[in-house]
Amino acid sequence: MRSIWKGSIAFGLVNVPVKVYTATEDHDIRFHQVHAKDGGRIKYDRVCTVCGQPIQYADIDKAYESPDGDKVILTDEDFAKLPAAEKHEIPVLQFVPSDQIEPILFDKSYYLEPDSSTPKAYVLLARTLEQVDRTALVHFTLRQKTRLGALRVREGILVLQTLLWPDEVRAVDFESLDGVAEPRPQEIKMAETLVEAMSDDFDPDQFTDEYQIELKRLLDEAIASGTGKVPEQPEAVPSAMDAEVVDLVAALQRSLEASGRRSAGAETPEKVEPKKAAKKTASKSAASKSATKKAPAKKTAKKSAARKGA
């Protein structure tokens with residue numbers, strides 16, 4: 001790994017020199033845009049809309065246009081004059097309980113390596129964070145942008161996770177949720193049973209990026225064919241889609257059965273009552289039919305007796 005930033009953590013009057021490394025990497029397969037007709041690479045030139053000439057990157061400045069249409073052009077020198085652009089310090093602002101930071105605020109992660117011949121201060125800060133079980137909130141300036149950050153420990157290494165500013169998280173209010181009825185107790189009970197059946201310890205190694213695996217297989221087959229194109233393949237038959245499930249209890253019951261770990265006695269009243277009602281209805285129907293059959297027999301017997309008496 002190559003460090004992308006150097007500075008120091010300001011922990012009270014203690015300075016902890018560090019080097020910053022990007023903690024994650026993208027494994028997605030990269031593609032180029034090509035002309036569909038002949039496979040030629042597509043290139044984009046930076047062309048000025050005024051003079052129509054290609055412009056070198058060194059000759060490009062940045063412009064801001066206000067909602068009223070006013071334009072302001074800033075050069076690299078203008079950005080360098082800003083106070084944040086000169087900071088090479090990560091000041092600790094406060095220590096907060098880790099569970100108070102909303103996960104939606106987390107952005108990018110960086111590893112911090114001690115940049116000193118005697119990393120005692122680095123180890124002291126790491127051990128302290130582990131002992132108090134709190135997260136340090138810090139300011140972090142990178143690429144002309146000041147960020148709020150969460151400083152914590154992962155396997156003995158200090159990790160800096162940049163946080164979004166509160167106004168960068170959108171407020172949400174879905175009208176489709178207005179007036180929705182609360183789930184019934186039996187639905188919640190079945191859902192909790194399903195959660196219990198599917199519960200396990202988190203192990204990221206159990207999961208794989210199936211899309212990237214299949215994409216790599218597709219590319220390997222195309223290369224092996226020698227044509228540079230994907231061989232013809234039979235179209236996959238789409239799986240039958242279930243209709244919208246109205247009875248949530250029935251859907252949860254089916255999910256439990258599919259999980260193979262259905263708990264004994266998980267059947268709900270909805271599953272039992274219809275059966276009892278069906279038995280009662282059947283008994284009434286049978287009794288009604290029996291009475292209907294017996295009634296005509298009595299009338300026939302009375303008619304026969306009257307004929308004999310005559």
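The figures that follow rest on heavy atoms only: side chains count, while hydrogens, waters and symmetry mates do not. What you are looking at is a predicted structure, and each value in this text was computed from that prediction instead of being measured.
Residues that satisfy the side-chain contact (heavy atoms from CB on, under 4.5 Å) test with E168, not counting sequence neighbours, are K145, L164, W165. For R154, the side-chain hydrogen bond (donor to acceptor under 3.5 Å, both in side chains) partners at least two apart in sequence or on another chain are Y111. For D45, the side-chain hydrogen bond (donor to acceptor under 3.5 Å, both in side chains) test picks out no residue, with sequence neighbours left out. Partners of D209 according to the side-chain hydrogen bond (donor to acceptor under 3.5 Å, both in side chains) rule, which considers only residues two or more places apart in sequence or in another chain, are H27. Partners of T208 under the side-chain contact (heavy atoms from CB on, under 4.5 Å) rule, at least two apart in sequence or in another chain, are E210, I213. For T49, there are no side-chain contact (heavy atoms from CB on, under 4.5 Å) partners two or more places apart in sequence or in a different chain. E214 meets the salt bridge (charged side-chain N to carboxylate O under 4.0 Å, His left out) test with R217; sequence neighbours excluded. With sequence neighbours excluded, the residues that form a salt bridge (charged side-chain N to carboxylate O under 4.0 Å, His left out) with D26 are R30. Residues satisfying the side-chain hydrogen bond (donor to acceptor under 3.5 Å, both in side chains) criterion with R41, sequence neighbours excluded, are H32.
The shortest distance between side-chain heavy atoms of D220 and L218 does not fall below 4.5 Å. In this structure, I29 and K216 have side chains that are in contact, with non-hydrogen atoms separated by less than 4.5 Å. V159 has its side chain out of reach of V153: every pair of non-hydrogen atoms, C-beta onward, lies at least 4.5 Å apart. At least one side-chain heavy atom of L194 sits under 4.5 Å from a side-chain heavy atom of S255. At a threshold of 4.5 Å between non-hydrogen side-chain atoms, the residues I101 and V96 count as touching. Side-chain contact check for D78 versus D61: every heavy-atom pair is 4.5 Å or farther apart. Counting only heavy atoms from C-beta outward, the side chains of L163 and F106 approach each other to under 4.5 Å.
Other residues sharing the hydrophobic cluster of Y57, ordered by chain and number and joined by side-chain separations under 4.5 Å: I55, I60.
Remark: E192 does not engage K189 in a salt bridge, criterion side-chain N to carboxylate O under 4.0 Å.
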Starting from the C-alpha separation in whole Å, work towards a yes-or-no answer on salt bridge (Lys or Arg N to Asp or Glu O under 4.0 Å) for R184 and E187. CA-CA 5 Å; R184 294 175 295 172; E187 292 172 342; 3.0 Å; yes

Show, in sequence, the C-alpha distance, side-chain angles and deciding distance for I73 and Y64, and conclude whether the side-chain contact (heavy atoms from CB on, under 4.5 Å) test is met. CA-CA 6 Å; I73 298 177; Y64 166 79; over 6 Å; no

Under 3.5 Å, side-chain donor or acceptor atoms of residues 122-140 against the rest of the protein: list the pairs with distances, not counting sequence neighbours.
| from | atom 1 | to | atom 2 | distance (Å) |
| --- | --- | --- | --- | --- |
| Y122 | OH | L112 | O | 2.5 |
| Y122 | OH | L158 | N | 3.0 |
| T128 | OG1 | L124 | O | 2.7 |
| R134 | NH1 | F95 | O | 3.3 |
| T135 | OG1 | S98 | OG | 2.9 |

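D28 and Q212 make their closest contact through OD1-NE2, 3.3 Å (heavy atoms, listed as atom of the first residue, atom of the second, distance).
Residues Y211 and F31 share a single hydrophobic cluster, defined by chaining ILVMFWY side chains whose heavy atoms lie under 4.5 Å apart. In the hydrophobic clustering of this structure, M1 groups with L160; members are Ile, Leu, Val, Met, Phe, Trp, Tyr whose side-chain heavy atoms approach within less than 4.5 Å, directly or through other members. Hydrophobic clustering (side-chain heavy atoms under 4.5 Å, transitive across Ile, Leu, Val, Met, Phe, Trp, Tyr) groups L142 together with L151. V195 is not connected to M190 by any chain of hydrophobic side-chain contacts under 4.5 Å among Ile, Leu, Val, Met, Phe, Trp and Tyr, and they are in different clusters.
Considering OG of S109 and CD of Q161, their distance stands at 4.0 Å, rounded to 0.5 Å. Rounded to the nearest 0.5 Å, atoms CD1 (I9) and CD (E89) are 10.5 Å apart. Separating the CG atom in L93 from the CG atom in L148 is a distance of 6.5 Å, to the nearest 0.5 Å. Of the inter-residue distances, the one linking I157 atom CD1 with Y21 atom OH reads 11.0 Å to the nearest 0.5 angstrom.
Judged by distance alone, with hydrogens and angles left aside, the side-chain atoms of W5 form no donor-acceptor pair with the main-chain N or O of V18 at under 3.5 Å. The main-chain N or O of T118 is found under 3.5 Å from a side-chain atom of S116 such that the two form a donor-acceptor pair.
Under the 6.0 Å distance and 45° angle rule, K62 counts as a cation-pi partner of F79.
Listed by first and then second residue, the salt bridge (Lys or Arg N to Asp or Glu O under 4.0 Å) pairs involving residues 95-116 are K19-E113 (not counting sequence neighbours).
Counting heavy atoms of neighbouring residues, nucleotides and ligands inside a 6.0 Å radius, atom CD1 of I188 exceeds 12 of them.
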